[in-house]
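In what follows, a structure is listed as structure tokens, so that the remarks can point back to it.
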Amino acid sequence: MDKNSEQPLLIPFKAFHVNFTNLRLLDEKVFFSVPMGDNQKELELYEKSNRCWTAVLPDNVSATGMPIVLGMGGVIPIWRGVAIAWLLTAREIEQYKVFFHKTIVEMLNDAINELSLHRVDVTVLVEHKVSVGWLERLGFKCEGLMRKFDSQGNDYYRYALVRP
């Protein structure tokens, strides 16, 4: 059970939500390893997809007047049967691990069924050991190392969840 009793709420993802998120250090590293203009364009595409969400604490407002953002993510189809999944999480997510895990499992299952997906791809920073372990618990398999994959020269793994 999550330590905090306040129930997070899922709302449709908006690109500006990232500006109000206290990203975990490795999520921040990933986010800022892509030039800001490119990041903004990608986030706007995610917003338009209507297949992305943001988890907030609706009764807990930050100094900015926005609800506390726990994280955001989604599943974006790239062509028939194939999609990419993405996730950025805030430092506050630690208190809501169970909620987030259940939400991601449900989101993946819904996307796989609704979009008739046979493959979901994820890239993950090599040093993000917690995320690597979590992806493997979700059933994703590592397909290889992508060396110097971002603008800062960071290495990533390619993971995929492939339906039989």
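From a predicted model like this one, the values you see are computed outputs, not experimental measurements. As a basis for the values below, the full set of heavy atoms in this structure was taken, side chains included, without hydrogen atoms, waters or symmetry mates.
A ring pair (Phe, Tyr, Trp, His ring centres under 6.0 Å) check over residues 30-51, counting only residues at least two apart or in different chains, returns the pairs Tyr46-Trp86.
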Requested in this report: Could you walk me through whether Val82 and Leu117 pass side chain to side chain contact (heavy atoms under 4.5 Å, CB included), step by step?
Outcome: CA-CA 6 Å; Val82 180; Leu117 298 176; 5.7 Å; no
Query raised in the report: Run the side chain to side chain contact (heavy atoms under 4.5 Å, CB included) check on Val56 and Phe20 step by step: do they pass?
Result: CA-CA 11 Å; Val56 298; Phe20 298 98; over 6 Å; no
Report task. Output, in order, the C-alpha distance, side-chain angles, deciding distance and verdict of side chain to side chain contact (heavy atoms under 4.5 Å, CB included) for Thr54 and Lys14. Result -> CA-CA 8 Å; Thr54 301; Lys14 301 293 181 197; over 6 Å; no
Query raised in the report: Passes side chain to side chain donor-acceptor pair (under 3.5 Å), Tyr157 versus Glu143? Steps please.
Result: CA-CA 7 Å; Tyr157 290 122; Glu143 294 189 330; over 6 Å; no
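By the 4.5 Å side-chain criterion applied to Ile, Leu, Val, Met, Phe, Trp and Tyr, Leu45 is assigned to no cluster and stands alone. Side-chain heavy-atom separations under 4.5 angstrom define the hydrophobic clusters, and the remaining members of the one that includes Leu125 are Leu26, Val30, Met146, Phe149, Tyr156.
Side chain of Thr21 to backbone of His17: a donor-acceptor contact under 3.5 angstrom is found. Without hydrogens or angle criteria, Asp155 side chain to Lys148 main chain gives a donor-acceptor distance under 3.5 Å. Checking side-chain atoms of Asp27 against main-chain N and O of Leu23 turns up no donor-acceptor pair under 3.5 Å. The backbone N or O of Ser33 lies less than 3.5 Å from a partner atom in the side chain of Ser151, making a donor-acceptor pair. The backbone N or O of Asp150 sits nowhere less than 3.5 Å from a side-chain atom of Asn154 that would complete a donor-acceptor pair.
Here the OH atom belonging to Tyr96 is positioned 14.5 Å from the OG1 atom belonging to Thr89, to the nearest 0.5 angstrom. In this structure, Glu136 CD and Leu138 CG are separated by 10.0 Å, a value rounded to the nearest 0.5 Å. Interatomic distance, CG of Asp121 versus CD1 of Ile76, reported as 13.0 Å (0.5 Å rounding).
Contact check on Glu94 versus Arg91 returns no salt bridge, with no Lys/Arg side-chain nitrogen under 4.0 Å from an Asp/Glu carboxylate oxygen.
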